[in-house]
Enquirer: 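Structure in structure tokens, see below.
We count ligands from 1, going down the list as the structure has it; atoms in each ligand are counted the same way.
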Amino acid sequence: MVVPSPTSIMIRTKKINAVRIPTIDLSMERSKLSEFIAKACEEYGFFKVVNHSVPKEVISKLEDEGTEFFSKTSLEKRQASTTTPFGYGCKNIGPNGDMGDLEYLLLHTNPLSISERSKTISKDPIKFSCAVNDYTEAVKEVACEILELAAEGLWVPDKSSLSKFIRDVHSDSLLRINHYPPVKKGNDNWDPCQLQNSNKNTIGFGEHSDPQILTILRSNNVGGLQISTHHGLWIPVPPEPNELYVMVGDALQVLTNGRFVSVRHRVLTNEMKPRMSMMYFAAPPLNWWITPLSKMVTAHNPCLYKSFTWAQYKQAAYSLRLGDSRLDLFKVQKQEDSHLVHASSSP
Ligand SMILES: C=C1C[C@]23C[C@@]1(O)CC[C@H]2[C@@]12CC[C@H](O)[C@@](C)(C(=O)O1)[C@H]2[C@@H]3C(=O)O
Ligand SMILES: O=C(O)CCC(=O)C(=O)O
Ligand SMILES: [Fe+2]
């Protein structure tokens with residue numbers, strides 16, 4: 001075993017600390033843009049987007065709706081939780097016991113569903129629905145543009161082969177607004193649900209990857225988001241209220257046969273200031289099949305994943321814990337592994 005000398009440790013640390021989050025300027029020349037997007041999706045599964053087309057007023061209108069909603073009393077907020085997983089949630093994440101120091105609104109982006117749910121969320125449901133619809137329409141355009149550029153970067157002949165999954169009217173895309181009140185270490189006073197009193201934990205949203213195709217994230221000017229590198233290091237993501245962050249989700253990892261990687265991320269709470277973030281999770285319709293694009297499967301790159309519908313993948317995600325790796329359930333067994341299984345199961 002080679003034991004690294006103190007000098008080599010220093011060098012490694014310096015190198016790792018130098019990790020810089022890729023920035024994609026959407027006003028750049030198209031061929032460079034597609035190349036850079038594909039590279040960022042391969043290396044990190046994460047990048048920042050500047051010069052995007054989402055108008056500032058569209059962002060601030062949704063932010064104002066979020067601020068208004070989260071400033072309500074806990075009783076009022078709980079009126080918005082009816083059918084799980086949608087509506088208002090506090091501390092509980094998903095159905096399997098995951099907890100975080102946050103409260104949130106989780107919405108399906110279908111305009112009919114938004115208009116129904118708005119009635120339990122806001123005193124002015126039309127204003128609330130408009131803010132949500134305008135925001136989701138605008139970020140969906142950015143997501144489609146990024147997926148078209150990514151397809152070009154991969155030299156896939158049909159540039160809509162990725163974006164068509166989320167453009168469809170029956171897409172299962174979601175919008176989530178997360179609110180992380182400040183948590184002082186050792187303080188057990190904050191409890192917006194008034195249900196329990198233990199806030200020693202600084203994890204706002206535990207480590208996970210997003211199951212969908214692509215996530216578009218925007219936050220206020222309070223940090224806390226971290227992404228995990230291949231070395232298992234956590235990199236803090238600076239808050240950029242005027243920019244968007246993009247995350248590759250599990251479904252895009254499968255569509256690209258593992259060439260793009262879904263990024264593991266988490267959120268730590270701030271001791272002084274509240275963080276508010278909004279995520280658009282771009283997903284296909286429930287009955288669509290997800291299988292690696294034919295261009296991504298070659299003799300050198302055999303198919304890594306079994307085909308599944310988006311509904312099947314969601315079911316798997318909801319049967320597991322937040323941090324679990326659901327993609328493992330859909331991996332094609334390598335030839336050597338299957339030999340091992342047969343060998344060990346024979347009498
Ligand atoms: C613990 C869970 C919450 C989650 C569903 C799951 O069973 C595993 C994936 C989680 C996640 C992460 C990204 C999104 O925030 C989310 C809405 C999603 O689609 O998958 C959440 C789910 C949730 O909070 O309902
Ligand atoms: O709130 C954030 O900044 C990220 C939250 C997140 O990862 C999620 O909701 O899936
Ligand atoms: Fe996430």
Enquirer: Mark yes or no for whether Thr256, through its side chain, and Phe260, through its backbone, hold a donor-acceptor pair below 3.5 Å.
Expert: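 Answer holds: yes.
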Enquirer: List the closest protein heavy-atom neighbour of atom 22 (C) of ligand 1: residue, atom name, distance to the nearest 0.1 Å.
Expert: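 I find the closest protein heavy atom is Tyr318 OH, 3.4 Å.
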Enquirer: For the Fe ion (ligand 3), find the closest N/O/S atom on Asp210 and give its atom name.
Expert: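 Restricting Asp210 to its N, O and S atoms, the minimum distance to the Fe ion (ligand 3) goes to OD1.
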Enquirer: Which ligand 2 atoms does His265 reach within 4.0 Å, using its non-hydrogen atoms?
Expert: 7 (O)
Enquirer: Among Pro211, Ala317, Ser319, which one puts a heavy atom closest to atom 20 (O) of ligand 1?
Expert: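 Nearest option to atom 20 (O) of ligand 1, by heavy atoms: Pro211.
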Enquirer: Is the ring pair Trp288/Phe165 parallel, tilted or perpendicular, if the boundaries are 30 and 60 degrees?
Expert: perpendicular
Enquirer: Side chain, backbone, both or neither: which part of Asp210 has a heavy atom under 4.0 Å from ligand 2?
Expert: side chain
Enquirer: Taking heavy atoms and a distance under 4.0 Å, where does Leu217 meet ligand 2: side chain, backbone, both or neither?
Expert: side chain
Enquirer: Can you list the atoms of ligand 2 that are under 4.0 Å from a heavy atom of Arg176?
Expert: 9 (O)
Enquirer: Please write down residue, atom name and distance for the protein heavy atom closest to atom 10 (C) of ligand 1.
Expert: Leu322 CD1, 3.8 Å
Enquirer: What protein heavy atom is closest to atom 2 (C) of ligand 1, reported as residue, atom name and distance in Å?
Expert: Gly94 CA, 3.8 Å
Enquirer: Tell me the contacting part of Ile93 for ligand 1: side chain, backbone, both, or neither, using a 4.0 Å heavy-atom threshold, strictly below.
Expert: both
Enquirer: Would His208 count as a contact residue for ligand 2, given that I'm defining contact as a non-hydrogen atom of the residue lying under 4.0 Å from a ligand atom?
Expert: yes
Enquirer: Tell me if a side-chain donor or acceptor on Asp324 pairs with a main-chain N or O of Arg326 at a distance below 3.5 Å.
Expert: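 The answer is no, because no donor-acceptor pair under 3.5 Å joins these two groups.
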Enquirer: Yes or no: does Arg275 have any heavy atom under 4.0 Å from an atom of ligand 2?
Expert: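 Within the 4.0 Å threshold, so yes.
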Enquirer: Walk me through it: do Ser160 and Asp158 pass the test side-chain hydrogen bond (donor to acceptor under 3.5 Å, both in side chains)?
Expert: CA-CA 5 Å; Ser160 70; Asp158 174 8; 2.9 Å; yes
Enquirer: Who gets closest to atom 19 (O) of ligand 1 by heavy atom: Met247, Gln212, Arg326?
Expert: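 The nearest heavy atom belongs to Gln212.
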Enquirer: Number the atoms of ligand 2 from 1 as they appear, then name those within less than 4.0 Å of a heavy atom of Phe281, with their elements.
Expert: 8 (C), 9 (O), 10 (O)
Enquirer: Taking C-beta and beyond as the side chain, do Lys39 and Pro22 meet within less than 4.5 Å on heavy atoms?
Expert: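 Lys39 does not reach Pro22 side chain to side chain.
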Enquirer: Among protein heavy atoms, which lies nearest atom 24 (O) of ligand 1, and at what distance?
Expert: Arg176 NH1, 2.9 Å
Enquirer: Between the main-chain N or O of Tyr318 and the side-chain N or O of Asn96, is there a donor-acceptor pair closer than 3.5 Å?
Expert: yes
Enquirer: With a cut-off of 4.0 Å, which atoms of ligand 2 are near a heavy atom of Ser277?
Expert: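 Within the 4.0 Å cut-off of Ser277, ligand 2 contributes 1 (O), 2 (C), 3 (O).
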Enquirer: Any idea which part of Tyr104 is under 4.0 Å from ligand 2, heavy-atom wise: side chain, backbone, both or neither?
Expert: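 Neither part.
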Enquirer: Just give me the atom name: the N, O or S atom of His208 closest to the Fe ion (ligand 3).
Expert: NE2
